[in-house]
Amino acid sequence: MKIVIIGQGYVGSALAIAAIKAGHNVIGFDTNTKVISELKEKESNLKNYHPTNNEADLKDQDAYIIAVPTPLDENNQSDLSYLIQASKLIAKSATKGALVINESTSYPGTLREIVITEIEKINNSQFLYASAPERIDPANNKWNIKNTPRILAGIDEKSTTAALEFYKSICEEVTAVSTPEVAESAKLFENTFRQVNIALVNELAQISSKLGISANEVIAAAATKPFGFMKFNPGLGVGGHCIPIDPIYLAQKAEQLGAPAKFIRQANLVNQQMPIYVLQRLKELLDGDLKNKKICIVGISYKADVTDLRESPSLVLLKEIQNSRANVVFHDEIVKNFNDLKSAPLTPNGFDLTLVAIRHSNLAVDKVIASAPIVFDCTGSITGAHQL
Ligand SMILES: NC(=O)c1ccc[n+]([C@@H]2O[C@H](COP(=O)([O-])OP(=O)(O)OC[C@H]3O[C@@H](n4cnc5c(N)ncnc54)[C@H](O)[C@@H]3O)[C@@H](O)[C@H]2O)c1
């Protein structure tokens with residue numbers, strides 16, 4: 001097939017590679033010229049891949065797949081402006097019979113209410129439409145586009161059949177559900193499930209601390225039960241593009257319809273407050289005051305082995321510690337630079353306290369232990385350190 005993928009970021013570029021491997025011809029379109037020039041250089045050996053920011057290249061292709069950002073705006077409301085722009089572009093480029101797919105995460109109803117509505121304002125040709133939410137997990141070595149089961153749904157049988165045909169060429173397992181709204185809701189519910197369970201163990205960490213026991217030991221003990229329990233680990237909070245944001249999309253839609261979303265809102269609050277809770281714990285360990293204390297935060301991306309800083313709780317903690325007038329630095333050999341700061345070396349006894357927020361696989365744990373008399377570990381993986 002001749003495919004256009006709109007958005008060549010994390011999701012769109014991975015999809016492009018998967019589609020090329022399956023024998024399709026791919027035009028990867030992105031509005032960011034830097035993204036395109038980097039891809040042109042990096043993927044120059046791929047004959048069937050054409051990264052571009054020229055809208056004229058998108059005319060008359062078989063399928064148009066949207067993979068653009070769906071963030072929150074400054075008022076914490078869903079920001080669908082990128083999706084609207086992408087839809088307008090498809091309306092200007094596609095001809096009758098083209099398959100239009102949305103992979104971007106958004107609330108149930110987005111395909112019909114936003115994508116189709118925007119396209120039909122400009123172009124009244126008959127298109128096939130489907131929703132096929134992406135499930136990719138950055139830095140996961142086991143699960144990728146090919147072996148992660150995909151769910152999708154078209155607006156009618158013909159659309160579903162066309163979408164199934166494409167995804168079966170790149171994924172081992174594809175399931176069609178009855179409507180795009182089911183597919184869109186399933187994606188949001190998967191991430192909400194994680195968000196709520198992470199909030200629950202984060203609350204357990206706070207309860208266990210007051211009880212004077214280890215939350216990690218409690219969770220490991222509960223996880224010996226072979227049924228009715230699934231293990232989640234507490235942490236400094238949640239970050240990235242998915243867990244802090246997707247549940248808000250679901251909550252907003254629910255509230256618009258007059259349905260409750262109290263669990264989702266509460267889980268969000270618990271996770272957002274974790275850096276503040278940890279700040280309090282650090283104060284207790286440093287005699288009540290952080291002023292002039294030398295503190296190092298280890299790991300500032302939102303999860304291990306990625307450079308992505310979006311919504312990272314480490315950055316919230318960093319700011320809080322700065323506001324407490326401590327002398328704070330960070331150590332992260334993957335991110336390396338953040339604003340004017342550079343990753344600081346873990347010198348022996350270089351700090352009053354070292355906090356491990358994220359543990360990248362290249363982290364030298366012995367250096368962490370030697371770097372301060374007090375080590376606070378949010379990852380639950382460093383023996384002998386203070387735990388959440
Ligand atoms: N990253 C993940 O782990 C992940 C997992 C599952 C789903 N998703 C979802 O996939 C979508 C894309 O996420 P991402 O991580 O790839 O984002 P990203 O920020 O890495 O990439 C998005 C790209 O889209 C480009 N873009 C923005 N507006 C555009 C437009 N009008 N036309 C063309 N290009 C445009 C941007 O320049 C950027 O390069 C989001 O809805 C996200 O929630 C992401």
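Since the structure is predicted, the reported quantities are computational estimates derived from the model, not experimental observations. Order of listing sets the numbers, starting from 1, for every ligand and every atom in it.
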Practice item. Decide whether an N or O pair under 3.5 Å exists between Q85 and ligand 1. Key: yes
Exercise for review: Just need the protein heavy atom nearest to atom 4 (C) of ligand 1, so name the residue and atom and give the distance.
Suggested key: V11 CG2, 3.7 Å
Review point. Counting heavy atoms only, which of C242, G7, P133, P69 is nearest atom 27 (C) of ligand 1?
Key: P69
**Study point:** Residue and atom name of the nearest protein heavy atom (relative to atom 41 (O) of ligand 1), distance in Å to one decimal
**Key:** T70 OG1, 2.6 Å
Review point. Can you tell me if R359 and S381 form a side-chain donor-acceptor pair at under 3.5 Å?
Key: yes
Review point. Hey, is ligand 1 close enough to K187 that some N/O pair sits below 3.5 Å?
Key: no
Practice item. Please write down residue, atom name and distance for the protein heavy atom closest to atom 40 (C) of ligand 1. Key: V68 O, 3.4 Å
Practice item. Please list, chain by chain and in numerical order, all residues satisfying ring pair (Phe, Tyr, Trp, His ring centres under 6.0 Å) with F338, sequence neighbours excluded. Key: none
Review point. What part of K34, side chain, backbone, both or neither, has a heavy atom within less than 4.0 angstrom of ligand 1?
Key: neither
Check your understanding: If we only count N/O pairs under 3.5 Å, is H241 in contact with ligand 1?
Key -> yes
Review point. Is there a salt bridge (Lys or Arg N to Asp or Glu O under 4.0 Å) between K303 and D137 once you walk through the steps?
Key: CA-CA 11 Å; K303 70 182 273 193; D137 182 20; 2.7 Å; yes
Review point. Considering only heavy atoms from C-beta outward, does the side chain of V298 approach that of L346 to under 4.5 Å?
Key: yes
Review point. By number and element, which atoms of ligand 1 are closer than 4.0 Å to a non-hydrogen atom of E134?
Key: 6 (C), 7 (C)
Exercise for review: Indicate whether any N or O donor in one side chain lies under 3.5 Å from an N or O acceptor in the other, for T70 and S104.
Suggested key: no
Check your understanding: Just by distance, with hydrogens left out, do N54 and T52 show a side-chain donor and acceptor under 3.5 Å apart?
Key -> no
Exercise for review: Would you check if there is a donor-acceptor pair between the side chains of N216 and S214 at a distance under 3.5 Å?
Suggested key: no
Study note, to complete from the structure: Counting heavy atoms under 4.0 Å, the part of K88 that contacts ligand 1 is neither
Practice item. If you have a sec, work out which protein heavy atom is nearest atom 20 (O) of ligand 1 and how many Å separate them, to one decimal? Key: Y10 N, 3.0 Å
**Study point:** Any R310 heavy atom less than 4.0 Å from ligand 1
**Key:** yes
Study note, to complete from the structure: Contacts of T117 meeting side-chain contact (heavy atoms from CB on, under 4.5 Å) (sequence neighbours excluded), chain-then-number -> K121
Revision key, fill the gap. P138 heavy atoms within 4.0 Å reach ligand 1 at atoms 3 (O)
Check your understanding: Is there a donor-acceptor contact under 3.5 Å from the side chain of S209 to the main chain of Q206?
Key -> no
Practice item. Tell me which protein heavy atom sits closest to atom 26 (N) of ligand 1, plus the residue, atom name and distance to 0.1 Å. Key: T31 OG1, 3.7 Å
Study note, to complete from the structure: re atom 38 (C) of ligand 1, the protein heavy-atom contact at minimum distance is D30 OD2, 3.4 Å
Point to revise | Donor-acceptor pair, side chain of Y249 and main chain of P71, under 3.5 angstrom | key: yes
Exercise for review: Specify the protein heavy atom at minimum distance from atom 28 (N) of ligand 1: its residue, its atom name, and the distance to 0.1 Å.
Suggested key: Y82 CD2, 3.4 Å
Practice item. Can you pull out the closest protein heavy atom to atom 21 (O) of ligand 1? Residue, atom name and distance to 0.1 Å, please. Key: G9 CA, 3.1 Å
